[in-house]
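As the structure is a prediction and not an experimental result, all values here were calculated from the model.
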Amino acid sequence: MEVLKHEGPGRLGLVRVGDYSFRTPALAGVDFTLSPFNSFFHPDGPGNYDFNLAPSIPLGFYTPGEIIEKAIGRLWSVNYGGFNAFYLPALRRTEYLGEFFKIIKRHGFEAVYLGNSKILIKEYRYFVRILRQLRERFPNVMIITDLEPFFYPLAVYLGVDAFDTRSLKLYDFEGKGFTQFSPLLWSDEPNSLDFARKTILEVRKALEEGKLRYLVENYFPTQYHAGILRIADLEHSDYLEKYTPIQKETVYFISDASIRRPEVKRWHSRVKERFVPPKNTELVLLFPCSAKKPYSLSRSHTLYRKAMKEALGSGTSKVHELVLTSPFGVVPREWEWLAKYDIVVTGHWGEEEIKPAAELLAETLEKYSKDVPIIAHLDEAYVEIARLASEMTGREIIFTEVKNGTTSKESLGSLTETLKEFPLEGTKEDRAYRYFEDIRKVFDFYFGAGAGEAVLPENGQVKGSKMLRLFVDDQQTGTFEDGVISVTPFGMQRIYDRLKAYWVKIDFELRGDVFAVGVNEADERIRPDDVVGIVRDGKVVGVGKAVLSGEEMVRAKKGVAVKVRKRA
């Protein structure tokens with residue numbers, strides 16, 4: 001199986017079976033070979049199916065350990081010639097998974113059929129854990145299972161590639177038809193296979209458009225869906241995040257589950273790890289977010305900045321602004337172009353929103369010098385977030401007097417008067433430094449702290465007006481426009497030399513795209529759609545867009561790992 005596109009562990013794939021190929025996620029024809037060990041029926045050879053399931057012993061989810069050990073011993077003696085799929089019984093005793101994985105690896109199976117799925121979905125943790133171990137261990141192996149169609153979006157999001165549909169005939173036999181709204185509301189006519197086909201097409205389209213997570217959150221017809229997704233978000237967030245492409249479009253938070261999306265976890269970690277305050281900061285200002293993005297284009301933030309200018313004049317170049325928002329928590333002003341999201345605003349914040357935001361704000365404030373004053377121009381739950389952060393850090397936060405909202409005449413007047421108590425004077429050098437910093441911080445977000453200085457050091461140059469071109473010693477390092485960046489091989493070399501970040505190592509002459517089979521090593525920080533440098537013998541020989549995560553590039557043996565955009 002070749003991976004074409006990711007959204008979380010879910011993936012669009014291209015599978016070649018014999019003389020033909022098909023796209024996943026898909027409905028798969030499986031020759032469900034029964035075990036020769038416990039059945040009088042056992043075919044002599046593979047049938048005419050997409051996947052021929054090797055003989056196995058169908059163990060139950062709660063099978064005792066001693067029975068599992070005997071079964072594994074018998075499985076090692078099976079002749080697996082001619083079979084391309086392995087039956088993996090989902091077991092509560094996950095310590096035995098490694099033994100099954102050895103058989104899968106040794107015989108090079110192209111697909112794994114995950115058994116006991118109807119029981120497994122009721123065991124939230126085991127469902128996610130087993131899928132994770134399979135997906136991480138065998139990136140080129142298809143995962144097939146048997147579930148009702150309303151489970152398809154969630155199962156695909158967590159790593160399943162195809163579905164066996166034979167059990168759906170039981171619903172037709174009972175005269176029940178599916179609907180997308182609930183498994184408890186049945187259609188008047190049997191329609192199981194038609195509904196399965198329709199659902200798989202919806203899942204595939206959602207994956208192609210980068211909207212699978214939205215589909216998952218809209219398919220919540222059972223408590224099992226909610227439980228499985230909650231476990232995945234809370235206990236396996238790193239698993240979801242490493243396969244989630246870097247955010248390019250607006251994320252819409254449509255449910256309580258949305259605030260646990262991988263993009264939110266990634267944002268929090270990057271604020272903690274990659275944001276470094278400007279060196280000339282002498283005052284920190286906290287503002288609430290706005291419905292319009294980027295915030296600077298909104299009416300409220302235009303008024304805030306007008307008040308700042310009136311109070312401080314040139315001193316605004318020594319002020320650093322942090323925007324508080326749910327669920328991203330803290331957005332440094334330089335990153336506002338990158339915070340692409342929309343959320344329903346009701347004025348009611350839950351504990352799951354307030355506490356993480358306060359903790360992130362506390363960690364962010366600790367990055368500033370202790371003698372830098374902090375002023376908060378906030379209302380509603382934003383005040384609670386700031387007060388909690390103040391208690392966590394022991395740092396004083398000065399609150400302006402807000403009445404009738406932060407943009408009322410009285411509130412803006414209070415902001416202006418409060419700022420006048422901290423007279424600041426900025427120089428021409430301060431303004432130039434902040435102009436460069438606005439660009440540098442975006443590169444830091446994508447590659448790590450220090451990447452901005454690598455592509456735009458003090459002696460660097462910026463040319464252009466809308467699309468800014470960045471130069472060092474008359475060589476272009478990259479471009480910048482409204483938070484969107486590109487990097488040249490020369491710029492990527494400077495980032496690699498400084499940070500050793502976002503690299504893919506090869507040992508051959510670069511002519512076209514980089515395939516997974518040719519990747520020797522890759523930075524584990526790489527996510528799908530990231531800009532990466534292709535490195536040979538310490539030199540960046542090209543720049544491209546990652547198709548796979550860094551870890552996946554090394555494990556996979558098929559498909560494109562990096563689509564090359566520029567060669568040195």
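- A donor-acceptor pair under 3.5 Å links the side-chain atoms of Ser411 to the main chain of Lys403, judged by distance alone.
- In Lys500, the NZ atom is crowded: over 12 heavy atoms of neighbouring residues, nucleotides or ligands sit closer than 6.0 Å.
- For the residue pair Pro528 and Val547, the shortest heavy atom distance occurs at CB-O, 3.6 Å.
- Under a cut-off of 6.0 angstrom, the local environment of CD in Glu366 is crowded, with over 12 non-hydrogen atoms contributed by other residues, nucleotides or ligands.
- The pair Asp238-Arg266 fails the salt-bridge criterion, with no side-chain N (NZ, NE, NH1 or NH2) lying under 4.0 Å from an Asp/Glu carboxylate O.
- Using modelled atom types, no side-chain atom of Asp530 and backbone atom of Ile526 make a donor-acceptor pair closer than 3.5 Å.
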Mind running side chain to side chain contact (heavy atoms under 4.5 Å, CB included) on Ile374 and Glu396 for me, showing each step along the way?
CA-CA 7 Å; Ile374 304 166; Glu396 179 187 6; over 6 Å; no
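- Using modelled atom types, one finds no donor on one side chain facing an acceptor on the other under 3.5 Å when comparing Thr488 with Gln476.
- Applying the 6.0 Å contact sphere to CG of Asp482 captures more than 12 heavy atoms from other residues, nucleotides or ligands.
- For the 3.5 Å distance criterion, the side chains of Thr244 and Glu7 fail to qualify, holding no donor opposite an acceptor.
- By the 4.0 Å N-to-carboxylate-O rule, Glu509 lies close enough to Arg511 to be salt-bridged with it.
- A salt bridge is defined here as a Lys NZ or Arg NE, NH1 or NH2 lying under 4.0 Å from an Asp or Glu carboxylate O, and Arg525 with Asp523 meets this definition.
- Salt-bridge annotation for Arg305 and Glu321: present, with a side-chain N of the basic residue lying under 4.0 Å from a carboxylate O of the acidic one.
- In summary, of the residues considered (Glu552, Glu241, Glu263), a salt bridge (charged side-chain N to carboxylate O under 4.0 Å, His left out) with Arg527 occurs for Glu241 alone.
- A pairwise comparison of heavy atoms in Val264 and Pro327 identifies CG1-O, 3.4 Å as the closest pair.
- Looking at Arg260, its side chain never comes within 3.5 Å of a backbone N or O of Leu234 through a donor-acceptor pair.
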Val564 vs Arg567, side chain to side chain contact (heavy atoms under 4.5 Å, CB included): CA-CA, chis, key distance, verdict:
CA-CA 7 Å; Val564 177; Arg567 284 190 288 169; 4.0 Å; yes
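- Below 30°, between 30° and 60°, or above 60°: for His320 and Phe275 the angle between ring planes is below 30°, a parallel geometry.
- Other residues, nucleotides and ligands contribute only 12 or fewer heavy atoms inside 6.0 Å of the NZ atom of Lys428.
- How far CD1 of Ile354 is from CD of Glu384: 4.0 Å, rounded to the nearest 0.5 Å.
- Distance alone, capped at 3.5 Å, places no donor-acceptor pair between the Arg565 side chain and the Val543 backbone.
- Under the 6.0 Å distance and 45° angle rule, Arg387 counts as a cation-pi partner of Phe399.
- Formation of a donor-acceptor pair under 3.5 Å by the Trp267 side chain with backbone atoms of Val330 is found in this model.
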Check step by step if salt bridge (charged side-chain N to carboxylate O under 4.0 Å, His left out) holds for Asp342 and Lys292.
CA-CA 9 Å; Asp342 201 354; Lys292 188 169 186 177; over 6 Å; no
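- The shortest non-hydrogen separation linking Thr416 to Ala311 is O-CB, 3.5 Å.
- Asn280 contributes no side-chain N or O that, together with a main-chain N or O of Lys318, makes up a donor-acceptor pair within less than 3.5 Å.
- Remark: Lys279 NZ is loosely packed, at most 12 non-hydrogen atoms of other residues, nucleotides or ligands lying under 6.0 Å away.
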Before giving the answer on salt bridge (charged side-chain N to carboxylate O under 4.0 Å, His left out), spell out for Glu551 and Lys242 the whole-Å C-alpha distance, their side-chain angles and the decisive distance to 0.1 Å.
CA-CA 9 Å; Glu551 176 187 305; Lys242 70 180 175 183; 2.9 Å; yes
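- Side-chain atoms of Tyr304 and Thr406 form a donor-acceptor pair, as typed in the model, at a separation below 3.5 Å.
- The number of heavy atoms from other shown groups lying within 6.0 Å of CD (Glu425) does not exceed 12.
- The shortest non-hydrogen separation linking Val276 to Ala449 is CG2-CB, 3.9 Å.
- Checked by atom type and distance alone, the side chain of Asp430 pairs as donor or acceptor with a backbone atom of Thr427 at under 3.5 Å.
- Checked for salt-bridge contact, Arg440 and Glu437 meet the test: a charged N lies under 4.0 Å from a carboxylate O.
- Residue-environment remark: CG (Asp256) stays at or below the threshold of 12 foreign heavy atoms within 6.0 Å.
- When only modelled atom types and interatomic distance are considered, Thr479 and Ser486 share a side-chain donor-acceptor pair under 3.5 Å.
- Classification of the Phe287-His377 ring pair by plane angle, with boundaries at 30° and 60°, yields perpendicular.
- The closest donor-acceptor contact from the side chain of Glu336 to the backbone of Tyr295 lies under 3.5 Å.
- Here the CD1 atom belonging to Ile343 is positioned 13.5 Å from the OG1 atom belonging to Thr250, to the nearest 0.5 angstrom.
- How far CZ of Phe480 is from CG of Leu470: 8.5 Å, rounded to the nearest 0.5 Å.
- Under the 3.5 Å distance criterion, the side-chain polar atoms of Tyr124 are left unmatched by any main-chain donor or acceptor of His225.
- For the pair Arg270 and Phe445, the cation-pi criterion (under 6.0 Å, within 45° of the ring axis) is fulfilled.
- With values rounded to the nearest 0.5 angstrom, Lys355 atom NZ is found 14.0 Å from Leu360 atom CG.
- Of the possible donor and acceptor atoms, none in the side chain of Glu282 sits under 3.5 Å from a partner among the backbone N and O of Val372.
- Classified by interplanar angle (parallel below 30°, tilted 30° to 60°, perpendicular above 60°), the ring pair Phe447/Phe443 is parallel.
- Across Gln461 and Asp474, no two heavy atoms sit closer than the pair OE1-OD1, 3.8 Å.
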Pair Asp233, Arg213 - check salt bridge (charged side-chain N to carboxylate O under 4.0 Å, His left out), show working.
CA-CA 12 Å; Asp233 284 338; Arg213 176 74 187 219; 2.8 Å; yes
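- Residues Tyr252 and Tyr341 place their aromatic rings such that the two centres sit no closer than 6.0 Å.
- For Ser414 and Thr400, the side-chain atoms include no donor-acceptor pair closer than 3.5 Å.
- Rounding to the nearest 0.5 Å gives a distance of 8.5 Å between CZ of Phe508 and CD1 of Ile534.
- Geometric assessment of Lys505 against the ring of Trp503 yields a positive cation-pi assignment under the 6.0 Å and 45° thresholds.
- Taking the charged nitrogens against the carboxylate oxygens, Arg132 and Glu136 do have a contact shorter than 4.0 Å, which makes a salt bridge.
- Side-chain polar atoms of His6 and Arg11 form no donor-acceptor pair below 3.5 angstrom.
- In this structure, Lys420 fails the cation-pi test against Phe422, since its NZ or CZ atom is not both closer than 6.0 Å to the six-membered ring centre and inside 45 degrees of the ring normal.
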